[in-house]
> 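Here it is, the structure, as structure tokens.
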There are 2 protein chains.
Amino acid sequence: MTMSNTGGRRKPPTIHDVAREAGVSRGTVSRVLNGGHYVSPAAQEAVNSAIRKTGYVVNRHARSLITGRSDSIGFLLTEPQERFFEDPNFNVLLSSCTQALAAHDIPLLLMLAGTKDERRRITRYITAGHVDGVLLVSSHSGDPVAEELREAGVPLVQCGKPMGSGAKVSYVAADDRDGARDMVRHLLSLGRRRIAMVSGPLDTPGGVDRLAGYKEVLTDAGIAIDERLVVSGDYSRASGEAGAERLLAQAPDLDAMFVASDLMAQGALAALARAGRRVPEDVSVGGFDDSVAALEATPALTTIRQPYDRISAEMVRVLLAQINGEDPMAVILPTELVKRDST
Amino acid sequence: MTMSNTGGRRKPPTIHDVAREAGVSRGTVSRVLNGGHYVSPAAQEAVNSAIRKTGYVVNRHARSLITGRSDSIGFLLTEPQERFFEDPNFNVLLSSCTQALAAHDIPLLLMLAGTKDERRRITRYITAGHVDGVLLVSSHSGDPVAEELREAGVPLVQCGKPMGSGAKVSYVAADDRDGARDMVRHLLSLGRRRIAMVSGPLDTPGGVDRLAGYKEVLTDAGIAIDERLVVSGDYSRASGEAGAERLLAQAPDLDAMFVASDLMAQGALAALARAGRRVPEDVSVGGFDDSVAALEATPALTTIRQPYDRISAEMVRVLLAQINGEDPMAVILPTELVKRDST
DNA sequence: CTGAAAGCGCTTACAG
DNA sequence: CTGAAAGCGCTTACAG
């Protein structure tokens, strides 16, 4: 028992050690490990106390070898990383997915596949069965990785509605269109009538749907859509700044701006400040996301909250269900208007 | 061969399939997989082409079961996550570590252990051998996890100099003290004489060392240290704002601020703007990190660049060496002054 | 240089 | 409810 442990790693106890300690067979130990079905209370008890005593932790490799499952999940980013890492939403998503999985004792493998080469390597790794399923963060349409994984039958859930074909892919998304509607209605309720919009990229669902919500509410209010009031950015801060500048040039009489992400709204705020427009006195500004960027902005941004904690939890739930044989499904979560100082 | 693949996952080829295809034994296949020693060129060739043909990918679980290695690395965060996720440096670190490991075909497991419970669970997981080594991001002194892992003999490298005991732990860090010296010298060269500092937390090495560099240069320049010119924050934006406000109250005649992180400097900039001080005309402001926060700031921040790409690469290199039996080592990387518009 | 064989630590029918 | 046994896919001495 008194093993000389000179810095090296001890050999961990195996199921065999537990069985000996508990006075049962390895099969019985395995049974209590896997749910305790068909095990007598006495054996159950003996095994549990032996596990505590030995400090036994299951060897996942041995288990995976036989079950054919890896008991791990991949978190895959298939686009240039800068975009995601710049975006505060990404952090929230990554950390809450990690936590949701931790609750199931499932480790998360982070996979970055920004280049073609990396995508090939990682697709191979995944299809070889090294993870049981994939949480995919990729907004653009026609992502080849998503398609390949789907064809290979890898359980998959996307964050955000996929643009592409109506293929049966699971996804979890906030209700972009409804969020946009809420924001524009709020702006209208403030008496604003020349409401501009900086949308997201129009090859992403968030870009398209938020713009659609904007147009819908204005039209319903009897306000004609003025194309000079609409520009689009790429969700980066810089593009929000450029977009706002363009709007100020095209439509100097604007009295509100709905910007499709908080980060872009930060940029818009900078452009407005430079142009000498006061926020919210002269121009009301609404963002989208309710990320830390909304609070960091000056003034603090009125925005549409995307429930990223719930999104992550649902992504994990849907993926786990799919791994267990359930069919794909889409989950749409409601957003919420958060009023702060910019409107 | 024409297996009906109704959406399910095909059973991947095994070493046995490759052996049959190549007309050799499984042992020989394994040998070429593991470096090709003691294999004839002909066999080598046959096996490689069989691998291509079958699309074989090694089953890591089977391999790990026998080698006793997991062929994966953990990236462990032992503090409340908000801190790290708010900090843009963290993203850079995480993504470049992932990439550095990908080059070795080693997957990275993300591990968040913000609470005591999680720390216990994860320590257990790690010491059970589920990862071969750990990249640890934890700045505070006396982190119990670091200590436990070290005692268990788990290969470990920390990001940043550990505060605690002079224990033999590997770490990789930027030269904080030297970076601080460069910044303060730069401020002096601009003619500034009432240079204030917002330091980091004084229970972190970055907090202590950057402050030491500041004091050293001033003293060398024959300027007495004025304690009213020194406050400390916790690296958050808010604490930078609060710190700058305190400085302005305590020492209204200050003509420069050296702020120990770009994020805090953003906050300081906001406080200065509110106080009506122009940057850099009235007050020169220097940051630290050269994170995206430096570029997002208005005006763009003069700062000290921490080479996070190199830091990550070195962390991975040192960890891999340690896994292969090498002794721990510390690596200190030089910083660089980046001049922008705030000084 | 190469094949046959043992064994890594676990799970799971199969008998009882 | 429980034990004995087979087998998951690989690596590695061991003979040749």
Side-chain angles (χ1 to χ4, degrees), chain A residues 9-48 50-51 54-72 105 125 127-132 324, chain B residues 9-48 50-51 54-72 105 124-125 127-132:
Chain A
R9 301 176 80 162
R10 262 177 286 241
K11 211 163 188 230
T14 73
I15 205 173
H16 189 254
D17 300 316
V18 175
R20 185 154 27 80
E21 181 70 35
V24 299
S25 74
R26 281 136 71 215
T28 299
V29 174
S30 181
R31 271 175 224 116
V32 351
L33 250 29
N34 291 284
H37 304 302
Y38 304 105
V39 186
S40 67
Q44 180 95 250
E45 168 67 19
V47 169
N48 280 136
I51 287 175
T54 54
Y56 172 77
V57 176
V58 68
N59 179 324
R60 283 177 183 246
H61 302 301
R63 173 180 284 177
S64 292
L65 184 54
I66 162 136
T67 60
R69 281 202 182 183
S70 73
D71 292 325
S72 65
D105 207 33
Y125 182 86
T127 53
H130 287 134
V131 294
D132 294 334
N324 288 320
Chain B
R9 301 176 80 163
R10 262 178 285 242
K11 215 168 184 225
T14 73
I15 205 173
H16 189 255
D17 301 315
V18 176
R20 185 156 25 80
E21 181 69 37
V24 298
S25 74
R26 281 137 70 215
T28 298
V29 175
S30 180
R31 271 176 222 113
V32 350
L33 251 28
N34 291 283
H37 304 303
Y38 304 105
V39 186
S40 68
Q44 180 96 249
E45 169 66 20
V47 169
N48 279 135
I51 288 176
T54 54
Y56 172 77
V57 176
V58 68
N59 180 324
R60 282 177 183 246
H61 302 301
R63 175 181 281 176
S64 292
L65 183 54
I66 162 136
T67 61
R69 280 204 185 183
S70 72
D71 292 325
S72 65
D105 207 34
R124 236 177 160 227
Y125 182 86
T127 52
H130 289 132
V131 293
D132 293 335

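Convention: sequence-line order gives letters A, B, ...; per-chain numbering from 1. Here the structure is a predicted model, which means the values were calculated and not measured.
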> For the residue pair A/Thr14 and A/Arg26, establish whether any side-chain heavy-atom pair is separated by less than 4.5 Å.
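Result no, sub-4.5 Å side-chain heavy-atom pair not found.
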> Using heavy-atom distances to pick each residue's nearest nucleotide on DNA chain C, tell me which of B/Leu65 and B/Ser25 is more 5'.
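Counting from the 5' end, the first nearest nucleotide belongs to B/Ser25.
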> Assuming nearest nucleotide by heavy-atom distance, tell me which of A/Thr28 and B/Arg63 is located more 5' along DNA chain D.
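With A/Thr28 and B/Arg63 compared, the 5'-side residue is A/Thr28.
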> Tell me, with the steps shown, if B/Tyr38 and B/Val32 meet side chain to side chain contact (heavy atoms under 4.5 Å, CB included).
CA-CA 9 Å; B/Tyr38 304 105; B/Val32 350; over 6 Å; no
> Near DNA chain C, which residues from residues 39-48 of chain A have a heavy atom under 4.0 Å away?
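Correct list: empty, so none.
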> Find which nucleotide of DNA chain C each of B/Arg26 and A/His61 is nearest to by heavy atoms, and output the residue with the more 5' nucleotide.
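In this pair, the answer is B/Arg26.
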> Rounded to the nearest 0.5 Å, how far does NE2 of A/His16 lie from CD of A/Glu21?
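A/Glu21 atom CD to A/His16 atom NE2 measures 12.5 Å (nearest 0.5 Å).
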> Write down the atom of B/Gly129, the atom of B/Ser70, and the distance for their closest heavy-atom approach.
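Reported closest heavy-atom pair: O-CB, 4.0 Å.
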> Give the C-alpha distance, both sets of side-chain angles, the deciding distance and a yes or no for side chain to side chain contact (heavy atoms under 4.5 Å, CB included) between A/Asn34 and A/Arg63.
CA-CA 11 Å; A/Asn34 291 284; A/Arg63 173 180 284 177; 4.1 Å; yes
> Extract the stems that DNA chain D is part of, considering only consecutive pairing runs of at least three Watson-Crick or G-U wobble pairs, both distances under 3.5 Å.
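So the stems come out as C:1-3 with D:14-16, C:5-12 with D:5-12, C:14-16 with D:1-3.
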> Going 5' to 3' along DNA chain D, which are the first and last nucleotides with any atom under 4.0 Å from a heavy atom of chain A?
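Contact boundaries, 5' end first: D/dC1 to D/dG9.
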> Do B/Thr54 and B/Asp17 meet the criterion of a side-chain donor-acceptor pair at a distance under 3.5 Å?
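No donor-acceptor contact under 3.5 Å links the two side chains.
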> Determine the interatomic distance between P on D/dA5 and the same-named atom on D/dC1; round to the nearest Å.
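So the two P atoms sit 23 Å from each other.
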> On a heavy-atom basis, which atom in A/His61 and which in B/Leu65 lie closest, and how many Å separate them?
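Taking every non-hydrogen atom into account, CB-N, 4.2 Å.
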> Using atom C1' in both nucleotides, what's the gap between C/dT12 and C/dG16 to the nearest angstrom?
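That atom pair is separated by 16 Å.
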> Identify whether any heavy atom of A/Thr14 sits under 4.0 Å from a base atom; if not, whether one sits that close to sugar-phosphate; answer base, sugar-phosphate or nothing.
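Sugar-phosphate, no base atom in range.
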> Quick one: closest heavy-atom pair of A/Ala43 and A/Thr28, and the distance?
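What the structure gives for the nearest pair is CB-CG2, 4.2 Å.
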> Minimum heavy-atom separation for A/Ala46 and A/Ala22, please, with both atom names.
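Looking at all heavy atoms of both residues, the shortest contact is O-CB, 3.6 Å.
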> Would you name the heavy atoms of A/Pro12 and B/Ala128 that are closest together and state the gap between them?
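Looking at all heavy atoms of both residues, the closest pair is CG-O, 4.1 Å.
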> Report which part of the nucleic acid B/Arg31 touches: base, sugar-phosphate, or nothing (heavy-atom distance under 4.0 Å, all strands).
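Base contact.
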> Hey, could you give me the NE2/CZ distance between B/His130 and A/Arg60, rounded to the nearest 0.5 Å?
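Between atom NE2 of B/His130 and atom CZ of A/Arg60 there are 5.5 Å.
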